[in-house]
Amino acid sequence: MTEVYDPPLPAETDRGRSGEYIDLLRPLLLSQGSFEGKLCALCNQIGLFTAYTEKLKDNPAVQRKLAVIKNENDLDIWQPEFYPKIGERYYASILKGNLRRRIKYALDSLQRQGIIRWKEITHIVPDICTETDEGAEERPEAQSETDERITECIEQIREQAAMKNSCLDADLVISLLQSVYAKEKRWDYIKEQNRYGSIQPFTANERQE
C-alpha cells in the first residue's frame, strides 16, 4: 500500500464495496497506514493467523526456517516443507491461493473506493549459495556448480512440460531462469552476498513478470 486517503478520493465504482471477507479485512488493512513487503509479512503483521503460527512453531522445519530468516514476519506458514503429508500440502496450497485472492480483492475494492492506492511488485531473489561440506554454513557456489544446477532445473522443467495435460510453458520459464542467472550478473550477486550476508532482491522487469 503506497497511500491511504482520509477523506477518501471520489469512488470509481461501488462494486465490491462490502462482503464477508472485505468487511473483515478492511479495518486490518487500513490499520497498517502504509506497507511494503511480502504477502506473508502483511498477513503476519495484521495477525491473521497468530494463534496457528504459534502452534506451528513446534514443527522442527518451522524452527529451522525461523533460525535463518531475519524477520519473523517473513515466515510463510503455507510453505510445502512444513506439511509432510500430501493431503496437508495440497490443502495448504489451496488456502494460500484463496488468501492471496481475497486480500488482493479487498485492496482493489479499497482502491476503487478511493480509500487507498496500492500496486503489486514482483521481486526476485537469486540463490547462488550452497552448504559447506560440514553443513554448518553456506558459501557462494562456483560457476560450474551454478551451471550444473541450472542445467538440472531446465531438464526438470522440460520433463514437467512434456507431461500429459501440462500447462507449463517450458521456454518461458527457462528464459526467466536464464535471465536471472546470467553469468554477467553473477559478480554483482557475489558482491551483495559478501557485503550484506545475502543477495538483495531486485524488481522484476516486464518480461520477467
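These values consider heavy atoms only, across backbone and side chains, with no hydrogens, waters or symmetry-generated copies.
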- Message: I'd like to know if R158 pairs up with D171 as an ion pair, taking the criterion as any Lys NZ or Arg NE/NH1/NH2 lying under 4.0 Å from an Asp or Glu carboxylate oxygen.
- Response: yes
- SB check K65 D76 (cutoff 4.0 Å): no
- Transitively linked via ILVMFWY side-chain contacts under 4.5 Å: L28 with Y52? yes
- Point-to-point distance, once rounded to the nearest 0.5 Å, from CD1 of I128 to CZ of R149: 8.5 Å
- Check the angle between the aromatic planes of Y189 and Y181 and answer parallel, tilted or perpendicular using the 30° and 60° thresholds. perpendicular
- Query: Looking at CD of E72 and CG of L66, how far apart are the two atoms once the value is rounded to the nearest 0.5 Å?
  - Reply: 5.5 Å
- Item | Set of residues satisfying side chain to side chain contact (heavy atoms under 4.5 Å, CB included) with respect to K183, sequence neighbours excluded | Q143, D147
- Considering residues, nucleotides and ligands other than K55, do more than 12 of their heavy atoms fall under 6.0 Å from its NZ? no
- Message: Tell me whether E54 is salt-bridged to K57, with the criterion being a basic N under 4.0 Å from an acidic carboxylate O.
- Response: yes
- Task: Determine, for R100 against E120, whether the closest basic-nitrogen to carboxylate-oxygen distance falls under 4.0 angstrom.
- Result: yes
- L176 and I124: CA distance, side-chain angles, deciding distance, side chain to side chain contact (heavy atoms under 4.5 Å, CB included) verdict: CA-CA 10 Å; L176 169 62; I124 297 176; 4.2 Å; yes
- Task: Determine the minimum heavy-atom distance between I77 and Y83, stating which atoms define it.
- Result: O-OH, 2.7 Å
- Note on the structure: Distance col, row L110:CG vs I116:CD1, nearest 0.5 angstrom, shows 4.5 Å
- Task: Report, as yes or no, whether the 6.0 Å neighbourhood of atom CD1 on I94 holds more than 12 heavy atoms from other residues, nucleotides or ligands.
- Result: yes
- Message: Nearest 0.5 Å, please: how far is CG in L107 from CZ in R112?
- Response: 10.5 Å
- Item | Within one Ile-Leu-Val-Met-Phe-Trp-Tyr cluster: I86 and M163, side-chain cutoff 4.5 Å | no
- Query: At what distance, to the nearest 0.5 angstrom, does CG of L56 lie from CD of Q79?
  - Reply: 11.0 Å
- Looking only at non-hydrogen atoms, find the nearest pair between A161 and L168 and report the distance. CB-O, 3.7 Å
- Query: Is it the case that R89 places NZ or CZ above or below the six-membered ring of F82, under 6.0 angstrom from the centre and within 45 degrees of the axis?
  - Reply: no
- Least distance between heavy atoms, L177 atom then I154 atom: CD2-CG1, 4.0 Å
- Query: Heavy atoms, side chains only, cut-off 4.5 Å: are E152 and E148 in contact?
  - Reply: yes
- Item | Atom pair CG (D108) and CD1 (I103), whose distance is rounded to the nearest 0.5 Å | 12.0 Å
- Nearest atoms (heavy-atom pairs only) where L29 meets A106: CD1-CB, 3.9 Å
- Item | Hydrophobic cluster membership, L95 vs Y90, 4.5 Å side-chain cutoff | no
- Message: Can you see whether E155 engages T151 through a side-chain donor-acceptor pair at a distance of less than 3.5 angstrom?
- Response: no
- Item | Joint cluster assignment, L39 & W118, ILVMFWY side-chain distance < 4.5 Å | yes
- Are the charged groups of R26 and D23 less than 4.0 angstrom apart, N to O? yes
- Message: Can you confirm whether Q111 sits close enough to I115 that some side-chain heavy atom of one is under 4.5 Å from a side-chain heavy atom of the other?
- Response: no
Per-pair distances, 0.1 Å, donor-acceptor, side chain in residues 42-51, under 3.5 Å, sequence neighbours excluded:
unit_1	atom_1	unit_2	atom_2	d
N44	ND2	C40	O	3.2
N44	ND2	N73	O	2.7
N44	ND2	L75	O	2.9
Q45	NE2	Q32	OE1	2.5
T50	OG1	G47	O	3.4

- Is the shortest distance from a Lys or Arg side-chain nitrogen in E81 or R64 to a carboxylate oxygen in the other one below 4.0 Å? no
